[in-house]
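Worksheet: the structure to be examined is printed underneath.
Only this structure's heavy atoms are used, side chains among them; waters, hydrogens and symmetry mates stay out. Bear in mind that the values here come from a model prediction, so they are computed numbers and not experimental data. Here is how names work: the chains are called A, B, and so on, in the same order as the sequence lines, proteins then strands, and each is numbered from 1.
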Amino acid sequence: MAIAMTLNGKVHSFEAEADMPLLWAIRDLAGMTGTKYGCGKALCGACTVHVDGEPVRSCSFPLSAAAGKSVTTIEGISGDGSHPVQVAWRELNVAQCGYCQSGQIMSAVALLQKTPSPTDQDIDLAMSGNICRCGTYTRIRAAIHKAAGSAS
Amino acid sequence: MNNDFSNVSRISRRDFLRNTGLAGGGLIIAAHFAACSSDKTLAGGNFMPNVYVNLMENGDVEIVCHRSEMGQGVRTSLLQVIADEMEADWGRVTLLQATGDAKYGDQNTDGSTSIRKHFDLLRNAGAVTRQMLVNAAADAWGVPAAECRGLNHAVHHEASGKSLGYGELAGHAATMPVPEDVTFKSPEDYRYIGKPMDLIDGLAFTVGTAAYGIDTQLPDMLHASIERCPVVGGKLKSVDDSGARAVAGVVDVIQLGDGVSPPGFNPLGGVAVLASNTWAAQRGRAALKIEWDGGANASYNSPAYREAMEASAKSGGLQVLARGDVEAAFAGAAKTLEATYFAPMLSQAPMEPPAATAVINADGSCEVWACTQDPQTARDVVAGALGIEPAQVTINVTLLGGGFGRKSKPDFIAEAALLAKKTGKPVKVTWTREDDIRHGYFHAESCQYLRGAIDAQGNTTAWLQRTAFPSISATFGSTDGPSAGELGLGCVDNPYAIPNMTIEACKAEAHFRIGWLRSVCNVYHAFAANSFANELAHLAGRDPKDYLLELIGADRHVIPADSGATYTNYGQDLGEHPIDTARLKAVLEEAASMANWGRELPRGSGLGIAAHRSFLGYVATVAEVSVSEGGAVRIEELWTAIDAGTVVNPDRVRAQMEGAGIFGMSLTLHGEITGTNGAINQGNFDSYPVVRMNEAPTAITVHVMPSTARPGGVGETGVPPVAPAICNAIFAATGKRVRELPLRNVSLV
Ligand code: FES
Ligand code: FES
């Protein structure tokens, strides 16, 4: 069946099963691979995208639930990497392998939209669904503060 | 002008006949104007002095990275080394990732070797380029090469004030003979080496364009998901694939046969479901009805295996190191202590699971895109699986979403190649997280039996260690037990100045594919040695840091062979890379001082310390932990000092230590793989948890010791001290001694 939504600002119609996870529709059907697979069970956050501004785990979010909504992926955060979160990420050289970082950035952007000056506790709450096996957590925390303009 | 004219003469005399590629007449005329318009004097063309460097006539430089990027930052640091020695402008270099090919030398990105084993090779690649450019300019100017210098993308002649850009010189440099000897830059002239250069992939990592093995997309590609036998060495009894074939999007179901013995790097066999997208392949696979015959390894059950391994370690094994007389020392001891430490199997669980794409071309050749740590071995294994020559296989190395040792095994790449051959289409194989956790190459479970003696003054007089773990060599068919290489990972290279020491290697059979995991056997050897040293300190009533310093003893180079041990020193010369106790003590002192060792802490809090040499680097870590009334452990902060000799990118070294802190915390707090009837019990991050943001310490402070010593390893070196530092801190906080990992199985109430 055809399922239509706005994907990074453009109308996009998917021809797919209604229960296909949004992750695989984005990656395999739309061909946008910035959104990553890490667990398929909403356990790791690698697949985090925004649906109407809310961070969701796209591996566990059926395509049909996104119908008519606005979906933003890492590719849609800014065309050129100029979002303050992306800039802070680069300034602190947060990434190691980089694989989890799309999801980390999507979670961080959503956090800062709701909580412009988050505390460490806010960060723990918002970011603990995103695993980084390389262990970049202390830099992620610092980069979020930096992006928020609240780095001491 | 006279001077310049003589340049021309020299060029023409020496080079006119030799280099027909240089338009002789044109050169002479053009060179006449060298002083005013040097770019017309030299032939154009690119310059490839070696397989790592391609200097284009427009001055841009392509540098080839023959090592795999998996988060250690090698694409940035390798570039730093070559560009620095070459005196290239950072803004004009770009990186090309090498395919798997023996012409690049050793590409196996394993054992923390990229810098420690390749530093000179990379420097040489850059220095040869620079020297040939200098020679080309000297030749053009008719001055001695010794008067010319390559500096920031140009060659300069100070006396005349002349200079030529690297691009202008490229074509002429290509005609220069390759110098046999080159002089490396002296460290004070380093431009990039030793500097915290930003990641060259930094932008790609933040905008979603970084391409990993899982991201390859080819036209008309099929997606495969493979059901494999839950027990290593088992066989397929029957399969009903009608349900799978009925799933929308499923294109085919293909039996891959059974795995082979020994497993080596070969695919595990199984039943593959191919579909038009990943989801359909996974759903189709879930609809397979399969019966397996587990075979001999179905006898494995974790509790019984552990019991047998502990019994093996208690009863003794093959003596692999001996000095003095431990039995006499035990007999004459003031106090003795014995302890058995256990550490479980672990899975590397890189964030990107294994994934590879392959296509068979019309001429029978095969092209692969894969997240591999070892593209040359991948090439051989794929060629073997397809029955073609390695030269017919191209392995394109993508970025790796973490490796940690898992991706040095190309079994998953051969799966993609086999399916591409069987379907005649490009095929991507994507392992699920469950596949990754259940069908991996596991870090061995281990048991360490230790017995120690102290005299009336509290000095340790005897150390008996028996190590038991299934050997990696079993994966490749050996039944000889631990290899010398494995025993050299933190066991027979014990640095303690104890007069009577015996180390034995004990029997433990392998029932799984045992493989490498970041720092390998150092994980359990360092856990046991540093924990037991701490136990001895408390037995002697001494401060653990002071006691550890004393155990390490006088400044010296430890020679395991003097105690009868075979020691392989990470494949490098013990003379060049000694076991230097002064450096081990220095990082210990540094970490202690960073953590303000000895300070008062609230009830339920404690500091713990550990120091370990591995991969030719020295690391000490102090952990501050707090333990709640309910027994919950929180790691508040970590301080790490590393001496890895000369470092190329101190920020990446710091990042590796931060990451090693988290990786070490994961295996200390949570990591545990167990089996029932030969099948793995865990499957995803719910049953195999790793540290998350809410558990991350408030800070991980890293000090990189300044050093001009030869480079040591970094990527793995930070992991071994973490578990013992945490467990020693728990003892300081609670008086409870932890002798097994992970902590989630240990009651601290
Ligand atoms: S892949 Fe969706 S949370 Fe892990
Ligand atoms: S940077 Fe590798 S998993 Fe986060």
| If you tally heavy-atom pairs under 4.5 Å against chain A, which of B:Thr698, B:Thr430, B:Ile214 wins? | B:Ile214

| Side chain, backbone, both or neither of B:Glu658 within contact of chain A (heavy atoms, under 4.5 Å) | both

| task | Using a strict cut-off of less than 4.0 Å between a Lys/Arg side-chain nitrogen and an Asp/Glu carboxylate oxygen, indicate whether A:Asp124 and B:Arg692 qualify as a salt bridge. | result | no

| task | May I ask you to check whether A:Thr115 and A:Asp122 show a side-chain donor-acceptor distance below 3.5 Å? | result | no

| task | Go through the atoms of A:Leu125 and report whether side chain, backbone, both or neither lie under 4.5 Å from a heavy atom of chain B. | result | neither

| task | Could you label the plane-to-plane angle of the B:Tyr192 and B:Trp90 rings as parallel, tilted or perpendicular, counting under 30° as parallel and over 60° as perpendicular? | result | tilted

| Heavy-atom proximity to chain A below 4.5 Å, by part of B:Gln348 | backbone

| request: Answer with side chain, backbone, both or neither: which region of B:Val691 has an atom nearer than 4.5 Å to a non-hydrogen atom of chain A? | output: both

| request: Would you mind checking which part of B:Leu399 comes under 4.5 Å of any heavy atom in chain A, side chain (CB onward), backbone (N, CA, C, O), both or neither? | output: neither

| request: State, without any angle test, whether A:Gln121 and A:Thr119 hold a side-chain donor-acceptor pair at a distance under 3.5 Å. | output: no

| field | Side chain / backbone / both / neither for B:Ala210 at chain A, heavy atoms under 4.5 Å | value | backbone

| Parallel, tilted or perpendicular, as decided by the 30° and 60° cut-offs, for the rings of B:Phe404 and B:Phe663 | tilted

| remark: Looking only at B:Ala699, B:Gly73, B:Pro697, B:Pro350, most heavy-atom pairs under 4.5 Å shared with chain A are made by B:Pro697

| said: What I want to check is whether the side chains of B:Ser77 and B:Arg652 have a donor and an acceptor closer together than 3.5 Å. | reply: no

| note | Given B:His223, B:Arg433, B:Met693, the one with more heavy-atom pairs under 4.5 angstrom with chain A than any other is B:Met693

| What residue in B:Ala655, B:Gly202, B:Pro353, B:Gly683 has the most heavy-atom pairs under 4.5 Å with chain A? | B:Ala655

| message | Tell me which of these, B:Asp436, B:Thr278, B:Thr432, has more heavy-atom pairs under 4.5 Å with chain A than the rest. | response | B:Thr278

| task | Answer with side chain, backbone, both or neither: which region of B:Met70 has an atom nearer than 4.5 Å to a non-hydrogen atom of chain A? | result | backbone

| field | Region of B:Ser276 in contact with chain A, defined by heavy-atom distances below 4.5 Å | value | neither

| Is the shortest side-chain N to carboxylate O distance from B:Arg406 to B:Glu352 below 4.0 Å? | no

| message | With a 4.5 angstrom heavy-atom cut-off, is it the side chain or the backbone of A:Ile77 that approaches chain B, or both, or neither? | response | neither

| said: Testing the 3.5 Å rule here: is there a donor-acceptor pair between the side chains of B:Glu716 and B:Ser112? | reply: yes

| query | When you check the gap from the basic side-chain N to the acidic O, do A:Lys41 and B:Asp686 get nearer than 4.0 Å? | reply | no

| request: Under 4.5 Å, counting heavy-atom pairs only, tell me which of B:Gln72, B:Glu69, B:Arg283, B:Arg518 racks up the most with chain A. | output: B:Arg283

| field | Polar side chain donor-acceptor pair, B:Glu695 to B:His670, under 3.5 angstrom | value | yes

| said: Under a 4.5 Å cutoff for heavy-atom pairs, which residue among A:Arg27, A:Glu75, A:Glu17 has the most contacts with chain B? | reply: A:Arg27

| Checking B:Arg654 against chain A: side chain, backbone, both or neither under 4.5 Å from a heavy atom? | both

| said: Quick one, A:His145 and A:Asp120 - any side-chain contact, counting heavy atoms below 4.5 Å? | reply: yes

| query | Of the backbone (N, CA, C, O) and the side chain (C-beta and beyond), which part of B:Thr209 lies under 4.5 Å from a heavy atom of chain A, both, or neither? | reply | neither

